[in-house]
Amino acid sequence: MKKTCISLAVLMLFCVACIGQGNRRTRTPRTNVPLDSIVLSDPAILADQKTKMYYMTGTGGMLWKSKDLQLWDGPYKVTETDPDSWMGPDPMIWAAELHAYNDKYYYFGTFTNRDIKIDTVAGNVIERRASHILVSDKPDGPYVPMEDEMYLPAHKPTLDGTFWVDTDGKPYMIYCYEWLQNLDGTMEKIELKPDLSGSVGEATLLFRASDSPWSREKNERGEDVPNKVTDGPWLFRTQTGRLGMLWTSWIYNVYTQGVAYSESGTLDGPWIHEPDPITPPDYGHAMLFRTFDGKLLMSLHKHQEMPDGRYHRVPHFFEVDDSGDKLVVGERYIP
């Protein structure tokens, strides 16, 4: 039992770190801040062609912007949620991403209302948490609610929603159904309305955390078993047209970045996981973006334990080659 708790303790410390970042709402924006001075989990970059500006979001609900990826202005509060909705007056915001689509900008984020408890599983009280989408006419917001108050079932904790238009031409949200409730986290998809203002139909299972050949933890008997966490999906196609998904889990207490590829070339898979992680240890929650001069980069955070037991997370970039059937992650990119 003690060995099982080690993995759970690491994950709960990560959640505490996220909570701290999620409540930093009163910081005064600064200018010309070096990238390596920014503390941010789940860094996602929108390289906006219209404004020729890079916009960085992540956990905490704030936004940074830069012309060169090196010096950043921020953080700016860019969300305007409805205090009378299920989110409450001051929701925590995790893993926000910006997506440009059909002349609008969409904010995919995970919102948590800590005052609403939806379940208790294995001694863990589960708060109301769900992936949701806001909209704006501008990349720097403000991002506001749309038609539907909910995209996903209220009785399930979901997180890390991302965006993809599949080969059928329909838009989808891909997200994680959290391991805290189902005890084997899943990756799922749900169809979105054409303007992304709500969801359509029921969710479909893509894969489970236990399907991965590399994610591991110890059970209560000290035996090696698959880790239960699914985290941070990001969809991409290689230049050869192969559909892949970046996603993150753990190898014991090491935060780890993996990748899977769809055999059918569609979201329906089946999804075949690469046998080994694709980045150095203690990196994760990756996404891909292309710079204005055409370089493909991976944005993700470094997960580092500090002497006081807390976790320090800062954005990093890696060069990526997608010219073949598989992503090849290269050296760290220093702007």
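In this structure a side-chain-to-backbone donor-acceptor pair under 3.5 Å is missing from Ser212 to Ala209. Judged by distance alone, the side chain of Ser136 and the main-chain N or O of Pro142 form a donor-acceptor pair under 3.5 Å. The backbone N or O of Asn32 sits less than 3.5 Å from a side-chain atom of Asp73, completing a donor-acceptor pair. With hydrogens and angles disregarded, no donor-acceptor distance shorter than 3.5 Å links the side chain of Thr120 to the backbone of Gly123. A side-chain donor-acceptor contact under 3.5 Å links Asn113 to the backbone of Trp86.
Residues Met298 and Leu40 are members of one and the same hydrophobic cluster, defined by side-chain heavy-atom contacts under 4.5 angstrom among Ile, Leu, Val, Met, Phe, Trp and Tyr. Phe292 is connected to Tyr333 through a chain of hydrophobic side-chain contacts under 4.5 Å among Ile, Leu, Val, Met, Phe, Trp and Tyr, so both are in one cluster. Residues Met146 and Tyr175 fall within the same hydrophobic cluster, defined by Ile, Leu, Val, Met, Phe, Trp and Tyr side chains chained together at heavy-atom separations under 4.5 Å. Under the 4.5 Å side-chain heavy-atom criterion for ILVMFWY residues, no single connected hydrophobic cluster contains both Ile190 and Phe111. In the hydrophobic clustering of ILVMFWY residues, with side-chain heavy atoms under 4.5 Å counting as a link, Tyr54 and Leu300 come out together.
In this structure, a donor-acceptor pair under 3.5 Å is absent between the side chains of Thr79 and Thr81. If you check the side chains of Asp168 and Tyr172, you find a donor sitting under 3.5 Å from an acceptor. Asp42 and Thr59 share a donor-acceptor pair across their side chains, judged by distance under 3.5 Å alone. Looking only at atom types and distance, the side chain of Asp325 has no donor-acceptor partner in the side chain of Thr238 under 3.5 Å away. A donor-acceptor contact closer than 3.5 angstrom is absent between the side chains of Tyr311 and Gln304. Inspection of the Glu127 and Thr112 side chains reveals no N or O donor paired with an N or O acceptor under 3.5 Å. Checking His303 against Asp282 by side-chain atom types alone, no donor-acceptor pair falls below 3.5 Å. For the residue pair Thr248/Gln257, the side-chain donor-acceptor check at 3.5 Å is satisfied.
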Would Gln239 and Ser323 count as a side-chain hydrogen bond (donor to acceptor under 3.5 Å, both in side chains) here? Give the steps.
CA-CA 5 Å; Gln239 293 184 37; Ser323 60; 5.5 Å; no
Could you go step by step and tell me if Phe163 and Tyr101 meet the ring-ring contact (aromatic ring centres under 6.0 Å, His included) rule?
CA-CA 10 Å; Phe163 181 55; Tyr101 182 66; 5.0 Å; yes
For Tyr151 and Ile133, what are the C-alpha separation, side-chain angles and deciding distance, and is it a side chain to side chain contact (heavy atoms under 4.5 Å, CB included)?
CA-CA 8 Å; Tyr151 286 77; Ile133 307 171; 3.6 Å; yes
Chi angles and distances behind the side-chain hydrogen bond (donor to acceptor under 3.5 Å, both in side chains) call for Ser210, Asp184:
CA-CA 7 Å; Ser210 58; Asp184 187 3; 2.7 Å; yes
Decide side chain to side chain contact (heavy atoms under 4.5 Å, CB included) for Ile93 and Tyr107; before the verdict, give the C-alpha distance in whole Å, the side-chain angles of both, and the deciding distance to 0.1 Å.
CA-CA 11 Å; Ile93 304 176; Tyr107 186 101; 3.6 Å; yes
Determine, step by step, whether Met245 and Ile174 satisfy the side chain to side chain contact (heavy atoms under 4.5 Å, CB included) criterion, reporting the C-alpha distance in whole Å, the side-chain angles of both residues, the deciding distance to 0.1 Å, and the verdict.
CA-CA 10 Å; Met245 184 193 300; Ile174 297 84; 4.1 Å; yes
Report the C-alpha distance between Asp137 and Tyr143 in whole Å, list the side-chain angles of each, state the deciding distance to 0.1 Å, and finish with yes or no for side-chain hydrogen bond (donor to acceptor under 3.5 Å, both in side chains).
CA-CA 8 Å; Asp137 293 323; Tyr143 287 88; over 6 Å; no
Full working for side chain to side chain contact (heavy atoms under 4.5 Å, CB included) between Leu246 and Ile278:
CA-CA 9 Å; Leu246 298 168; Ile278 61 169; 3.5 Å; yes
Given side-chain hydrogen bond (donor to acceptor under 3.5 Å, both in side chains), test Asp140 with Tyr105 step by step and report yes or no.
CA-CA 9 Å; Asp140 54 355; Tyr105 295 89; over 6 Å; no
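If you look at Trp164 and His99, their ring centroids are not closer than 6.0 Å. Centroid-to-centroid, the aromatic rings of Phe289 and Tyr55 stay 6.0 Å apart or farther. The distance between the ring centers of Trp247 and His273 falls below 6.0 angstrom. Between Tyr283 and Phe318, the ring center distance clears the sub-6.0 Å criterion.
Side-chain atoms of Leu297 and Leu69, non-hydrogen and from C-beta on, do get closer than 4.5 Å to each other. Residues Pro157 and Tyr177 meet the side-chain proximity criterion, which asks for heavy atoms closer than 4.5 Å. In this structure, the side chains of Glu263 and Arg242 come closer than 4.5 Å at one or more pairs of heavy atoms. Counting only heavy atoms from C-beta outward, the side chains of His312 and Val314 approach each other to under 4.5 Å. At least one side-chain heavy atom of Glu217 sits under 4.5 Å from a side-chain heavy atom of Val225.
Within a 6.0 Å radius of NZ in Lys117, other residues, nucleotides and ligands contribute more than 12 heavy atoms. A 6.0 Å sphere centred on CG of Asp224 holds more than 12 heavy atoms belonging to other residues, nucleotides or ligands. Shown here is Glu223, whose CD atom has more than 12 heavy atoms of other residues, nucleotides or ligands within 6.0 Å. No more than 12 heavy atoms of other residues, nucleotides or ligands shown are found within 6.0 angstrom of CZ on Arg208.
A pairwise comparison of heavy atoms in Ile251 and Ser215 identifies CG1-CA, 4.4 Å as the closest pair. The shortest non-hydrogen separation linking Lys302 to Pro281 is NZ-O, 3.9 Å. The heavy-atom pair separating Trp271 from Thr266 by the smallest distance is CZ2-O, 4.0 Å. Smallest separation of non-hydrogen atoms from Asp166 and Gly265: OD1-O, 4.4 Å. Closest approach of Leu71 to Ser66, counting heavy atoms only: O-OG, 2.7 Å. Shown here for His132 and Met173, the closest heavy-atom pair between the two residues is N-CE, 4.4 Å.
Relative ring orientation between His301 and Tyr255 is described as parallel, the plane-to-plane angle staying below 30° on a 0-90° scale split at 30° and 60°.
Salt-bridge formation is detected for the pair Asp322/Arg290: a Lys NZ or Arg NE/NH1/NH2 atom is positioned less than 4.0 Å from an Asp or Glu carboxylate oxygen. A salt bridge links Lys193 with Asp148: the closest approach of a Lys/Arg side-chain nitrogen to an acidic carboxylate oxygen falls below 4.0 angstrom. One finds a salt bridge joining Asp268 and Lys189 here, because a Lys/Arg side-chain nitrogen approaches an Asp/Glu carboxylate oxygen to under 4.0 Å.
Put simply, NZ on Lys228 and CD on Glu178 are 12.0 Å apart, with the number rounded to the nearest 0.5 Å.
Trp250 does not carry Arg216 over the face of its six-membered ring by the limits of under 6.0 Å from the centre and within 45° of the normal.
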